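What follows is one structure encoded as structure tokens, with my remarks underneath.
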Protein chains: 2
Amino acid sequence: MAANTTEMTRKAKKTNGGARGGPRRRGELQDRVVAQLRRGLMVGAFVPGQTISLRKLAGHLGTSAMPVREAINQLTAANVLEMLPNRTVCVPRMTPARFEELSKVRQALEGMAAEMACRRASPQLVKRLEKVNAELLHAIRARDILGCLARNQEFHFTLYEAADSEVLLPLIEPLWLQAGPIMYFSLISPDMPWDASAHGDVLKALRDHDAAAARRAIERDIRNTASYLLKSSVFRGASGPLVALRRESDFDFGMFG
Amino acid sequence: MAANTTEMTRKAKKTNGGARGGPRRRGELQDRVVAQLRRGLMVGAFVPGQTISLRKLAGHLGTSAMPVREAINQLTAANVLEMLPNRTVCVPRMTPARFEELSKVRQALEGMAAEMACRRASPQLVKRLEKVNAELLHAIRARDILGCLARNQEFHFTLYEAADSEVLLPLIEPLWLQAGPIMYFSLISPDMPWDASAHGDVLKALRDHDAAAARRAIERDIRNTASYLLKSSVFRGASGPLVALRRESDFDFGMFG
DNA sequence: GATCACATAATATGATCACACTCACCGGCG
DNA sequence: CGCCGGTGAGTGTGATCATATTATGTGATC
């Protein structure tokens, strides 16, 4: 699927501009690059500490350097990517201390979002969440790592979107992206005791319209997985062996080298 | 080293590049533009709802459109500026509901930062905070609006920086920038009952090494000013009359038109 | 054989250009 | 008089070019 457009860009004159694939909508490329980067971070295509080159990435993505620049700028401003003093960007290394802070902030923010969502909760929302949670449990039983990640994310964010807050959601999303790579690498460990019981508590709180309980359940969910990750070996080993475990072929993200 | 100086000037009009003001450090212009925009937002040079044009701003700032683009992109990614569906950016309008959410989030995050800072607090920190607070009180007595804003910001951020968190600070800063314009316009009201008593409680908690009390004090400080602002007339009137009250000449920010 | 200087390659940054789209103003037609 | 279509300026986006800076590799020197 990765279109190899290197041939076409050779001598496309300078008058062309961007008519390569027909007319574009405004900001399409930039948003597409951001989406690909986000997905790549969530899915473990990037290794913590890895530096990201503008031109190389642009070449892999088949675009000019311009959209990549703006996408990387956005992610850097959101603290998803880090800018070294050399002005080169890299995906941040996660230390235990930082991860613990991240979890505490997530508990506060996502707990607040859960509380607000519970107040606005509709039966349809509960039904959707039950469906997603069932899929999550199925993915856990099937040992489907990516399915777990995707369903878990879907569960949390459909809940948070129900809070309908223009302040909270934009704050929560980057936090997930910061934790994304670590989450992926952690799930590789064969004895991942994913604990989805907190999700059940969330659903119960929503049905009872008990906002405080919803907050506590979300906080417990975050705290559980965080404490497991801190006890696991994710932070002990260097990122070396983890690289080998990437399954690039599953997603068209071999490009991020 | 002196390789191809033979074809130095291709066409006199595009060879200039950026040598206008002599050599620059890397990323200097971009950071400078970001700093100017931040300061402008804090200081009331922008009116909520005002749209921002890339080329105009670049022209006023004396630079190319490039650094302005990246600066605006950063601020947009941090939710400090808003991007309309037309892909034009504007400084967000603040509604009471949004401001209330903002204050609740600020209470949670800044309370957490105060708690962490209290645990790491040193006598030097307390001393510096006392000095800043004294200056703040002086500015209040002198009815120095900008002095109040600057000192208050300095008080809070020297405290939060003491928390030494790479997670919290980047989250807190944009929240202040979001509230920045409203804060400025609110202080214009002649009967601003600025309540710095919470700052005293913060200092006392720091001296007592009582982290929980520090958190409560900061939360109270935010809650107080928020409830006052919500009761004031800032949100009632349209932004029309507020524009006239800008004192552009005080800062070299008449450029932001 | 190790270290340092220098040349080469690669990088991010800034400037400029070309294009598609948006919006406001205006003249015509209903 | 009111709606409608054109037309122009203005906008953000993407591509390309130029430049300074940084990283890297290779050579000579000690």
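In this text the structure is predicted, and so the values were computed from the model without any measurement. First the proteins, then the strands, lettered A, B, ... as listed; each starts at 1.
Rounded to an integer number of Å, the gap from CG of B:Leu61 to C1' of C:dA15 is 16 Å.
In this structure, B:Arg38 is not positioned above the aromatic face of B:Trp176 in the sense of NZ or CZ being under 6.0 Å from the six-membered ring centre and within 45° of the axis.
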Would you list the protein and nucleotides 9-11 of chain D atom pairs, both N or O, that sit under 3.5 Å from each other?
| residue | atom | partner | partner atom | Å |
| --- | --- | --- | --- | --- |
| D:dT11 | OP1 | B:Ser53 | OG | 3.0 |
| D:dT11 | O2 | A:Arg26 | NH2 | 2.8 |

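For the pair B:Leu102 and B:Met94, the minimum side-chain heavy-atom distance is below 4.5 Å. Proximity of B:Met183 to B:Gln153: side-chain heavy atoms (C-beta onward) are nowhere separated by under 4.5 Å. Using a 4.5 Å heavy-atom cutoff, the side chains of A:Val47 and A:Pro181 are not in contact.
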Just list the side-chain donor-acceptor pairs under 3.5 Å for residues 75-89 of chain A, sequence neighbours left out, or say none.
| residue | atom | partner | partner atom | Å |
| --- | --- | --- | --- | --- |
| A:Thr76 | OG1 | A:Ile72 | O | 2.7 |
| A:Arg87 | NH1 | B:Asp31 | OD2 | 3.1 |

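Annotation for B:Ser103 and B:Ala226: closest pair OG-CB, 3.3 Å, computed over non-hydrogen atoms. What you find for A:Ala179 and A:Phe99 is that their closest heavy atoms are CB-CE1, 4.3 Å.
Non-hydrogen atoms lying under 4.0 Å from DNA chain C are contributed by B:Met66, B:Pro67, B:Asn86, all within residues 65-86 of chain B.
Qualifying side-chain contact (heavy atoms from CB on, under 4.5 Å) partners for B:Met116, counting only residues two or more places apart in sequence or in other chains: A:Glu101, B:Arg120, B:Ala163, B:Ser165, B:Leu168. Residues passing the salt bridge (charged side-chain N to carboxylate O under 4.0 Å, His left out) test with A:Glu100, sequence neighbours excluded: none.
Residue A:Leu37 holds its CG atom at 9.0 Å from CG of A:Leu177, rounded to the nearest 0.5 Å.
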DNA chain C in dot-bracket form (Watson-Crick or G-U pairs under 3.5 Å, [ ] crossing, | inter-strand) is ||||||||||||||||||||||||||||||
